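Quantities reported herein were computed from a predicted structural model and do not represent experimental measurements. In what follows, every chain begins at residue 1, and chains take the letters A, B, ... in the order their sequences are listed.
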Number of protein chains: 2
Amino acid sequence: MERGRSALGPALELVHTGRAPTRAVLTSELGVTRATAGAVAAELEALGLITVDSRPTASAGSQGRPSHRLFVNERGPVVLAAQIHADGYRVALVGLGGRIVATSPGCGTIPEDPAHVLADAVAAGSELLRETGRRCLGAGLAVPSAVAEPDGEALNPLHLAWPSGAPVRELFLRALTDAGIPGVTEAIGFTGNDVNLMALAEHRHGAGRGARDLLCVASGHRGVGGALVLDGRLHSGSSGLALEVGHLTVNPEGAPCHCGSRGCLDIEADPLAFLGAAGREPGPEVSLLQQAADLLRHEYADPGVRAAADLLIDRLGLGIAGLVNILNPDRIILGGLHRALLEADPERLRAVVADRSLWGRSGGVPILPCSLDHNSLVGAAELAWQPVLDDPLVVLER
Amino acid sequence: MERGRSALGPALELVHTGRAPTRAVLTSELGVTRATAGAVAAELEALGLITVDSRPTASAGSQGRPSHRLFVNERGPVVLAAQIHADGYRVALVGLGGRIVATSPGCGTIPEDPAHVLADAVAAGSELLRETGRRCLGAGLAVPSAVAEPDGEALNPLHLAWPSGAPVRELFLRALTDAGIPGVTEAIGFTGNDVNLMALAEHRHGAGRGARDLLCVASGHRGVGGALVLDGRLHSGSSGLALEVGHLTVNPEGAPCHCGSRGCLDIEADPLAFLGAAGREPGPEVSLLQQAADLLRHEYADPGVRAAADLLIDRLGLGIAGLVNILNPDRIILGGLHRALLEADPERLRAVVADRSLWGRSGGVPILPCSLDHNSLVGAAELAWQPVLDDPLVVLER
DNA sequence: TGGCTTTGTGCCGACGCTAAACAAAATACG
DNA sequence: CGTATTTTGTTTAGCGTCGGCACAAAGCCA
């Protein structure tokens, strides 16, 4: 069994997530000797994944010999990341460290045929690769629906005109092979739900860094999505359908939901619910999320808007409290409308969650807004980087 | 860093959980060569943890040289396991493989002082060790309440007269050191919630064997508990308080609960709720669980009892469906009253769960009754065995 | 009886790591 | 200003684990 240096993967992950700025901390984080850390860093540099800056660093004040600094190689290989959302798709090349190297303007509408969309997106990515001349090590795709394992089918993509059960992973893989992207000979494409990938990205590079059990909740256009990262790995359940949090009951007297219950989070705490509670008509010109966020930011002084925000915060808090009781995460990150609600009145949400979660008195869970631009896109890239993080020697084969 | 043979732990775990009956399957399960598997088995035998039967086995029908068979050493070391429950405590010695080697009659009542109870229980265990002459490698304790990390305090032990926040782990450790159990010099005692430990035991030795994401739900006397085993490890959350499933809403028009909501699983699907729905008065002579289980088994023909069972199954199903939407487990195991409800009408429960879980159509999650006697006790032993499973060489130090 | 198949074992080498000594680059202190 | 101290990086030797291989053992099948 030809297996590479086993500390190689953890070491790359530390540099990738910014937790190993020098060889010295690499040594302590990995729990190995300086000799090993040095050899590992040298090998990662030889693979073209990281760079070492051995110039006399502008001294951090501590005594002793200053460390050489480790960086992700900014001119190194990239992965192709694509995100499908209700307003169109977006394509980017993402390097190690979650840095977006190049983006394509993408497209503003989503045709009904998933195969076409994915082929177009991959073509845009291929063009980016040609322009930049970067080496490509894999590809990841974020879609705004549940992705069922083991086949990678998009279930119930409500916001798109796609058929439920569309085999998006297979279509993505086919688009990749058809495009013949250099380096990705045997197509290596991964697909995930956008909120899951947001969670992954925030855990690696954003507000979730360092959390052990990270819960994310986000609302895009319609409905509410959730995601959980445990010990650095996405928990997507046995068939990829975990964290379908939209049908927690948050308002026993609420409106009936298509799921058969009533007062579900999905219909009580999404942008449409917010606009409704504020007495606004959803206009067709911009997205529901955009309208709701604008309302929160610009008209929060309006008592009606304020009351609607309070109402949604209370419902959201109830849902999050339920999740806290079940999952007991050590950090919570909110995205989309929920991020805007949190920022509008952080204390109210934290109070509701603490009050309604069983052991809320004992400290309370930190609740933070997401902190990355394009986090789902970066998360899709994380998916593609994962094999390299697991065993950096695979770059030799691509 | 003096570290033992790294395949040693996984190998012992395979034998321990009954998944490696021979060296041949050990080879394939570990993904190592026959040479390594042989060496590992020899070392485990030398440590006194397993035994190898090299007699010509009564040929399993397949051709080729028959394998020698691997067993857990039935005369090997044990761990001390104790369980506190509303009706008293129980103490046992448990060997590898989850086999109960000896039990103490225990005690039928629980005094108000946890320190006394734990000292008594440890004394009983100490007596068992003296009688059997076994070597003891650790100790585990199961308590009927949440156990908060990192300090191991029993929160809100409703069924006991103990104060909330009692430092049970510390008290257990002190009892162990005071008892001076031979072998356990520096006290190695672990404490966990009983439903969590039931899940652990069922996953290793019972109906949960082979599951990757295992969800357990059980109701003892009052309230409902949950537990989750992910990738073979208990998920108890960042502070040990995960899977507090009792306050999922399962009856929006239900009675108000002390948590501030109404219709919680805790008060809608426990033995008291069942007796109430069946129009029976809870008698003081036996436990609530016993009364409810007897009613289900012996008077299920009674229409009132049947209707009460249906009602509770529907509520329980609603709660389980909510958990399925959030956790997406690949197997579910029920204990206590819920086990009895499942056995009374398996199809009804499965139908409710499939109907109310979002993706229930696609197959449905297997729901099974628990299959071990004294599973919380065995789970407490698993906790104590864990260090040995992680690195079998620790037995040399004890 | 002689293949065939599968399992167990002994030997050797590859390789990833530790340990220990040494070298280098900064600060601290006289 | 020079030496001691601290921390980091590198070199070398050596150990332990595991893979690869050859061979032996123990059953089926013809």
Side-chain angles (χ1 to χ4, degrees), chain A residues 1-12 14-15 20-47 50-71 390-394 396, chain B residues 1-12 14-15 20-47 50-71 390-394 396:
Chain A
M1 191 157 108
E2 167 236 336
R3 185 173 45 190
R5 211 176 271 266
S6 74
L8 220 51
L12 181 58
L14 286 170
V15 179
T22 69
R23 267 198 271 254
V25 311
L26 191 62
T27 300
S28 63
E29 288 290 314
L30 289 177
V32 298
T33 60
R34 287 200 301 275
T36 306
V40 163
E43 191 161 354
L44 288 176
E45 192 177 17
L47 290 170
I50 72 172
T51 54
V52 180
D53 182 358
S54 45
R55 289 174 315 180
T57 142
S59 110
S62 71
Q63 68 174 358
R65 173 177 173 174
S67 273
H68 298 173
R69 314 196 54 179
L70 303 180
F71 300 97
D390 287 340
D391 178 11
L393 292 180
V394 297
L396 296 176
Chain B
M1 192 158 106
E2 168 236 340
R3 186 173 45 188
R5 209 177 272 265
S6 73
L8 219 52
L12 181 58
L14 285 170
V15 179
T22 69
R23 267 198 272 253
V25 311
L26 191 62
T27 300
S28 62
E29 288 290 314
L30 289 178
V32 298
T33 60
R34 288 200 302 274
T36 305
V40 163
E43 190 162 355
L44 288 176
E45 192 178 19
L47 289 170
I50 72 172
T51 54
V52 179
D53 182 359
S54 46
R55 289 174 315 181
T57 142
S59 105
S62 72
Q63 65 176 2
R65 173 176 173 174
S67 274
H68 297 173
R69 314 197 53 182
L70 302 180
F71 299 98
D390 286 341
D391 179 11
L393 292 180
V394 296
L396 295 176

- [ ] Considering just the side-chain nitrogens and oxygens of A/Thr36, establish if one lies under 4.0 Å of OP1 or OP2 belonging to C/dG16.
- [x] no

Open item on the list: Taking 4.0 Å as the cut-off, does a side-chain nitrogen or oxygen of B/Ser67 come that near to OP1 or OP2 on C/dG8?
Closed with: yes

Open item on the list: Return whichever of B/Glu43 or A/Ala24 has its heavy-atom-nearest nucleotide of DNA chain D closer to the 5' end.
Closed with: A/Ala24

Open item on the list: So for B/Arg65 and C/dT6, does any side-chain atom that can act as donor or acceptor lie under 3.5 Å from a complementary atom in the base?
Closed with: no

Open item on the list: Just so I know, are the side chains of A/Leu393 and A/Glu43 near enough to count as touching, which here means a heavy-atom distance under 4.5 Å?
Closed with: yes

TODO: Identify, between A/Val40 and A/Gly64, the residue whose nearest nucleotide on DNA chain C lies closer to the 5' end.
DONE: A/Val40

Open item on the list: Keeping B/Ser67 on the side-chain end and B/Arg69 on the backbone end, is there a donor-acceptor pair under 3.5 Å?
Closed with: no

TODO: Could you check if a side-chain atom of A/Thr33 sits within less than 4.5 angstrom of a side-chain atom of A/Thr27, using non-hydrogen atoms only?
DONE: no

Task: Short side-chain N/O contact to C/dT18 OP1/OP2 from A/Thr33, under 4.0 Å - done: yes

Task: Atom pair distance, as rounded to whole Å: CG in B/Leu8 and P in D/dG16 - done: 15 Å

Task: Close side-chain approach of B/Phe71 to B/Asp53, heavy-atom, < 4.5 Å - done: yes

Open item on the list: Strictly below 4.0 Å: does A/Ser6 bring a side-chain N or O up to OP1 or OP2 of C/dC17?
Closed with: yes

Open item on the list: Among D/dG9, C/dT18, D/dC18, which nucleotide has an atom closest to any side-chain atom of A/Val32?
Closed with: C/dT18

Open item on the list: Within the 4.5 Å heavy-atom criterion, are A/Leu30 and A/Thr36 side-chain neighbours or not?
Closed with: no

TODO: Determine the minimum heavy-atom distance between B/Leu44 and B/Ala11, stating which atoms define it.
DONE: CD1-CB, 4.1 Å

Can you name the atoms? Protein N/O to nucleotides 9-11 of chain C N/O, anything below 3.5 Å, with the distance.
none

